[in-house]
Each structure stands twice: as C-alpha cells, then as structure tokens.
Amino acid sequence: MPKAVFRKERQANVLWPSLQQLEANITKPMHYLSDDATPGTMSFPLASEDVDDSNRPLVVRGKGNYLYLADGREILDACGGAAVACIGHGVQEVADAITAQTAAVSYVPWGFLDSQSRRDLCRWLWQTSNGHFTKAWVTSSGSEAMEGAIKLAREYFVWTDEPQRINYIAREESYHGITLGVLSVGGHVTRRSPYTPLLLPNAYRIPACNPYRQRLPGESDEEFVSRKAEELEQAFLEAGPDTVVAFVAEPVVGAASGCIPSVRGYFQAMKAVCDKYGALFILDEVMCGMGRTGTLHAWEQEGVVPDIQALGKGLGGGYQPVSAILASDKIVRAMEAKNATFTHGHTYMDHPVVCAAALKVQQIVQRDNLLPNVQAQGQYLEKLLRNKLQSHPNVGDIRGRGLFWGVEFVVDKKTKNPFEPGMQLAHRIHKAALGPPYNMAVYFGQGCAGQGRGDHIMIMPAYNVTREVVEMIVDKFVAAVDDVFGKLEKEAYTELN
C-alpha cells in the first residue's frame, strides 16, 4: 500500500508536499475569491474624490434570485456570493425579524447578560442535531468560527489534562479561514503565501480526498479509502499520536477545490483513526453546511458526527454576518467537570439581532420544506451540467452534492493537466458570465489541481430555486464557457499567424 510522503518544515510542520517552497514561488497576486473577500478589493478609500471609483458593479437592491445594478442590469445570482444567499434576496420576513429585534434590544454584552434570540437559536441548533451539540457560540464569520473551533479543541485537552496535544492535521487544497490560526491549518497556497513567516508551525497535512486526481487505475472505493486512512495514520505517527489535537476537514470541499465530495466511507475511516489515537474530529461546514448539500448538516450523509463543528454562510443567508461554533456533549462535559469556561470571545459574539435573523432564515427553510428542493433541483442541475458539458474537451470533472456544484477545467481530458495559473481561466469565465449578454454571477477559484494550479467554477443557487431557473443558469453558463474558449482559440490562432 502506498505511503503518504511527508516533508518537515521548521521543527514540527509536516506538509505533503511542502507548502513553503510553493508559497515562495508566488510573487504576483492572482484573482481568486476568498470566502471572506473579493479579488482586488481588500481596501477602500474612506475619504477621497475617487470614493465611487470601484471596479465592482454597484448593487442597489435584490429580490429572489436576482440582484439589480445601478447601471440597470439584472443579475441572475447563481452562486449566492460564496454560497451565502440560501433563501434568496429581499425576504421581508427576515427584514421584519431584524427590525423587531433591533427595536426590542439591539446589543447585549454576552459576558454577563443574555438575550432571548440567542437562547432560541441555540435551542434550535440543539434540537436539529438530535441533541448532539449541547452548546453553541454565535460569531460573525466563518473564519471566526473555525478559529474558535481549533481553540476550543485545544482547550478541551487542557481540561482533560493532556496539555502536550498541540498539533493539528488537516488536508492539502483546504481552506478554513483567513485569520492566522486557521490559515496556518489550511492548505490553500495562494491565500497563505503573503503570511508564511507568520504562520504557526504545528500543522500537519495529508492529501485531500480527490478521487478525480488521486484514484489509482482500477482502485475501488474501499481501496481508495483504505489508502486515505493510511495517510492519516502516518501523519499521526509522524506528529506523535499523543500530540495531536484534532483532524480538521470540510465534508464537501468548497472554495479551495470546487465542491469536491468525499468517497463513500471516507469520513468514517478518518474518524476511526482519530478515535484510535484519542484526537478530536472537527468538521468545517461553513460553506457546505446548513442545507447546502441537501441535508441540514453535511455530515448526515457521511455516517459520522463531529466533536466540534463550524457553521457559517447558510446559517443566516446573508441577512446578518453570522457563524457558529458547535460543541458536542463530550466537549461540554469536560468543560463543566473543571468548572471552566471557554477562554474565547468577541465583542459581538451572541449578538441578539444576528441570532434573530439566523433563526428566522432557518425557520423559513424548515417551513417551506426547502431541503427536498435542494435535493431535487441539485439532481436536475447535475443532469444538465453533465448533459451539456461532460463532452466539452476542456471540462475535466463535474462534481458536487445538493445545490453545491463545481466544474473543473483542464487543458486535456486524458492528462488532466491544468491551465497555467497566469491565464486566469476561471476568472475569465466568471467575468464573461457576469457581463452582458449573460448577466449571471458564478463563483470562481484556482487551486483544485494542487500547488495553486487548476481552475474551477462553482454554481450554488438559493434553496428555493425552480427548475426553470436551473435551466437558465446552465444555459447561460454553457454559453459563457463557449464564449471564453472561443476567444482563447482566436487568440491562439492570432499568435500562430
């Protein structure tokens, strides 16, 4: 059985392959979308004559599946930003809930007071996990939630008298947030590269679960999963089994790789290795959770339950900046046994207006029975994408789950070679789709082929999307793809002549 190959960095950082060498080679910025940022717009003048000079189209309102621009265009939102707008735009019920909560009380200091909206949301999170998660901390972004999750995992071992556990194991081509702690754990080369000297050394990484690029010829699912489990086992042994805090992963990889689901049985095998060595199992469902893949929690389709989970985008549907750290009873009991509290907090944690908005969004998803629609329209979206793009000479893989689908582009189907990053292929497709005549927003990224290479587009419409809108999305997307590759062919012809 092939062994995972590791390379040490500094004293305790084992990467597969080495990220620091890759990051050192990235010298110019590339277009990509962070879950928390947009390309080229990380700063904005506070006071300037050029305050309105932005390369981003100005949105003046949103309704349903559409965003309306100041230039008069109507944009079909096929991605909800970074899979955020799960019930569409302009839902009055949510606006009313925000207004009512703001009128009642707009802010409560979480350290010594509480709000009813927080209690109601946390009760809902407990009930919908069948009582598995017995405590929640409501935060404001996915990065905050994941930063809190890895800190909570570490403090769990302080409470259980295993302070030697300081290492984390994560996966290549992963992204868990932009703050330094989770950026250290994640494996997204482009997003890490400017901060490499600042990142923590105690992260070990193994190859992600990417059957399109990693499955050996003739290898069955069972054999593939066994090989993946062996890679994790080797990482534990390399780190020192009793030094590992947790294994961290996304059930369906989001922006870093473009909607890659795991092979059946993968997460059960990963959790078994964690249990063997007494480490925690952390799932990052910031992007793929809260119904995006067809079940409220993505792990419901994996046959596992995490010790700690992070939620984000779909929790509040974009109506308020909201995320959450969920702790299982195992974690909470250890904390209570020491009469301790989680050494963590932000000024706006457990914010009452945020909690009210998130709860209303989730109540709408439940009341309108939207998860079956996610499953049905997701199957239809997959069917249309495969029917219309599978034979395209530059489409390598179409993958996803629910209403969370990615398309990976390659130079050649047989070799699976990615396009050169400098071509910015995914960004070109995004830009073409967003402009006339298509006027549609899709999400783009690079890195799915590893080492900062590989272009993918993600399609992630609202949970209440209709069959007709799904058809429109695919038709526009296919046309935009054909447009871009047609222009590339003309450019190549011009260069040759």
So, His188 versus Glu173: side-chain donor-acceptor pair below 3.5 Å or not?
no

Looking at Glu250 and Gly254, would you say the former's side chain and the latter's main chain have a donor-acceptor pair under 3.5 Å? yes

Residues passing the side chain to side chain donor-acceptor pair (under 3.5 Å) test with Arg73, sequence neighbours excluded, are Asp71, Asn439

Checklist entry - Between Thr139 and Ser323, is any side-chain donor less than 3.5 angstrom from a side-chain acceptor? => result yes

Review point. Is a donor on one side and an acceptor on the other found under 3.5 Å between the side chain of Arg154 and the backbone of Pro163?
Key: yes

| task | For His89 and Asp77, test the side chains for any donor-to-acceptor distance below 3.5 angstrom and give the result as yes or no. | result | yes

* side-chain contact (heavy atoms from CB on, under 4.5 Å) between Arg171 and Val253, intermediate numbers included -> CA-CA 10 Å; Arg171 305 186 298 179; Val253 182; 3.4 Å; yes

Would you please say whether a donor-acceptor pair under 3.5 Å links the side chains of Gln446 and Thr190? no

**Message:** Does atom NZ (Lys330) have a neighbourhood of more than 12 heavy atoms from anything else shown, all under 6.0 Å?
**Reply:** yes

Exercise. Is there a donor-acceptor pair under 3.5 Å between the side chain of Asn373 and the backbone N or O of Tyr463?
Worked result: yes

For His456, the ring-ring contact (aromatic ring centres under 6.0 Å, His included) test, sequence neighbours excluded, returns none

Query raised in the report: Does any donor atom in the side chain of Trp124 or Gln363 lie under 3.5 Å from an acceptor atom in the other side chain?
Result: no

task: Taking Tyr319 for its side chain and Gly90 for its backbone only, find out whether a donor-acceptor pair lies under 3.5 Å.
output: yes

Residues passing the ring-ring contact (aromatic ring centres under 6.0 Å, His included) test with His346, sequence neighbours excluded, are His344

Check your understanding: Does the pair Arg333/Glu336 count as a salt bridge with the N-to-O cut at 4.0 Å?
Key -> no

Using only atom types and a distance under 3.5 Å, with no angle test, would you say the side chain of Glu302 pairs donor to acceptor with the backbone of Phe267? no

task: Check the side chains of Gln301 and Thr295 for a donor-acceptor pair under 3.5 angstrom, ignoring hydrogens and angles.
output: yes

With the threshold set at 4.0 Å, does a side-chain nitrogen-carboxylate oxygen contact exist between Glu93 and Arg367?
-> yes

Review point. Does Ser328 use its side chain to pair, donor to acceptor, with the backbone of Asp307 at less than 3.5 Å?
Key: yes

